[in-house]
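FYI, side chains are in, hydrogens and waters are out, and symmetry mates aren't considered; it's all heavy atoms of this structure.
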Amino acid sequence: CLNFRWLVCAARGKLPGQALRPELVFATRPGDLQVLRAYQRREGRGCIGGPCESHYSPEHVFFAEVCALSALCANGGELFSLPAGQRFECHFSAGGFEALVDQLTG
């Protein structure tokens, strides 16, 4: 829940240092995510709290964050064609937020 709260704050430009601009820069291009690989394998670059067979790796968390951002931002589709190192400015969608919350709690 805290991770989701942080993500929503980032999408709205409310994190320290964002100066109310919802800009994000990704270390890994969202367009480089491999959906099938993430789904088929429960391994990554190290899991916290136990083996990757029963825990999620940071790679899986990033995958979930990108999926959430694609719903939270009206321009979320642009995430997947973003060039490396380019800033992404989220156009926060209240409707996208509500729909995502409904899907997560529904």
For Phe88 and Val25, run side chain to side chain contact (heavy atoms under 4.5 Å, CB included): C-alpha distance rounded to whole Å, both residues' side-chain angles, the deciding distance at 0.1 Å, then the answer. CA-CA 6 Å; Phe88 172 75; Val25 178; over 6 Å; no

Using atom types as modelled and distance alone, determine if a side-chain donor or acceptor of Glu23 lies under 3.5 Å from a backbone N or O of Gln18. no

Verdict with reasoning, Phe92 to Val8, per side chain to side chain contact (heavy atoms under 4.5 Å, CB included): CA-CA 9 Å; Phe92 188 79; Val8 171; 4.2 Å; yes

Salt bridge (charged side-chain N to carboxylate O under 4.0 Å, His left out) filter on Asp32, not counting sequence neighbours, yields Arg29

Distance-only, no hydrogens or angles: does the Asn75 side chain make a donor-acceptor pair with backbone N or O of Glu89 under 3.5 Å? yes

Give the minimum heavy-atom separation between Ser70 and Leu79, together with the two atoms involved. N-CD1, 3.7 Å

Could you tell me which non-hydrogen atom of Ser93 sits nearest to which non-hydrogen atom of Ala74, and how far apart they are? CB-N, 3.9 Å

Can you check side chain to side chain contact (heavy atoms under 4.5 Å, CB included) on Leu82 and Arg87, steps first, answer last? CA-CA 8 Å; Leu82 197 65; Arg87 295 180 182 277; over 6 Å; no

Minimum-distance pair of heavy atoms, taken over all atoms of Ala11 and Pro22: O-CB, 3.1 Å

Would you say Asn3 and Glu65 are linked by a side-chain donor-acceptor pair, where the criterion is simply a distance under 3.5 Å? yes

Kindly compute the distance separating SG (Cys9) from CG (Leu2), expressed to the nearest 0.5 Å. 10.5 Å

What's the spacing between Cys90 SG and Leu7 CG if we round to 0.5 Å? 8.5 Å

What's the spacing between Leu72 CG and Glu98 CD if we round to 0.5 Å? 10.5 Å

Run the side chain to side chain contact (heavy atoms under 4.5 Å, CB included) test on Phe63 and Thr28 for me, step by step, so that the C-alpha distance in whole Å, both residues' side-chain angles and the decisive distance to 0.1 Å come before the verdict. CA-CA 10 Å; Phe63 180 83; Thr28 300; over 6 Å; no

